[in-house]
Amino acid sequence: MPSLHGKHALVTGASRGLGAAIAKRLAADGADIAITYERSAERAQEVVTAIEALGRRALAIGADSADPAALRSAVDQAARALGGLDILVNNAGIFRGGAPEALTLADIDATLAVNIRAVVIASQAALAHMGEGGRIITIGSNLADRVPGPGYSLYALSKAALIGWTRGLARDLGPRGITVNIVHPGSTDTDMNPATGPQAEAQRARMAIPRYGKPDDIAGLVAFVAGPEGRFLNGAGLTMDGGANA
């Protein structure tokens with residue numbers, strides 16, 4: 001029997017890239033899946049179709065992670081449609097980079113709203129539906145631990161804040177049988193950071209394994225944390241970056 005048979009999962013920001021890979025991997029392991037998307041309705045439906053082809057239930061919910069009311073509604077809608085919520089993957093995120101003095105208030109507000117506040121809001125909302133055995137998994141970044149060059153300050157701030165949230169929430173929820181962990185990808189071949197992009201060679205040069213990761217690599221780690229073998233993992237940060245931070 002698949003390891004996540006009978007489980008219900010919500011993956012935010014999963015119309016493409018890493019989120020789509022995570023949603024499809026959890027479905028392959030037996031879970032029914034809801035995803036959120038902001039603008040890419042057609043691509044979100046492609047993910048739903050791929051999950052349904054695996055024999056699992058799936059739905060896509062349009063919700064801007066920067067909108068707290070929309071995000072809460074999406075969590076509640078996912079739980080109602082699936083019949084519960086066992087796994088929340090906080091994947092939605094944005095990148096606003098550049099010299100610190102060039103960052104606008106809009107850049108700052110958008111980054112904090114999507115990368116930090118949305119994680120808090122979605123986690124709060126999920127707890128109304130999640131019982132013992134629940135999993136909250138957040139996608140961080142290896143930049144939360146080490147910043148290798150200029151232009152990443154705001155993004156690194158937003159991802160570093162999630163470490164404190166994860167550790168604190170693990171303490172709060174551990175007695176309830178709910179685990180909380182954070183996965184820190186390094187350079188992964190997605191639309192946000194393609195392996196053929198202008199910064200790709202510099203990123204590869206920092207890795208002990210000098211190649212970009214694939215979304216499926218990160219999805220496999222998330223599936224482990226979400227599955228039965230991850231039941232004693234709590235408050236942990238797991239970095240998968242080809243040794244860039246080694």
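This one's a predicted model, so the numbers in the text were calculated from it and none came from an experiment.
Counting only N and O atoms by type, the side chains of N234 and T179 include no donor and acceptor under 3.5 Å apart. Checking Q203 against N193 by side-chain atom types alone, a donor-acceptor pair falls below 3.5 Å. For the residue pair H129 and D86, no side-chain donor N or O sits within less than 3.5 Å of a side-chain acceptor on the partner.
Taking every heavy atom of both residues into account, N181 and G235 meet most closely at OD1-N, 3.2 Å. For the pair H8 and G83, the tightest heavy-atom approach, listed with the atom from each and the gap, is CE1-O, 3.9 Å. Between M130 and I136 the shortest heavy-atom distance is SD-CG1, 4.0 Å. The shortest heavy-atom contact between A58 and E52 is O-OE2, 3.8 Å.
Distance CZ/R211 to OG/S187: 12.0 Å, rounded to 0.5 Å. The OG atom of S73 sits 8.0 Å away from the CD1 atom of I61 when rounded to the nearest 0.5 Å. The line from CG of D216 to CG of D189 is 11.0 Å long, rounded to the nearest 0.5 Å.
Using a 4.5 Å heavy-atom threshold, the side chains of I139 and N90 count as separate. K24 places a side-chain heavy atom less than 4.5 Å from the side chain of I51. Side-chain atoms of I94 and T111, non-hydrogen and from C-beta on, do get closer than 4.5 Å to each other. Proximity of V89 to L26: side-chain heavy atoms (C-beta onward) are separated by under 4.5 Å at one or more points. Side-chain contact between L221 and M240 is present, with heavy atoms from C-beta onward closer than 4.5 Å.
Shown here is R96, whose CZ atom has more than 12 heavy atoms of other residues, nucleotides or ligands within 6.0 Å.
N142 places no side-chain N or O within donor-acceptor distance of the main-chain N or O of N245, the cut-off being under 3.5 Å. Remark: the backbone N or O of A23 is not paired with any side-chain donor or acceptor of R25 at under 3.5 angstrom. Of the possible polar contacts, one joining the N91 side chain to the T12 backbone as a donor-acceptor pair under 3.5 Å is found.
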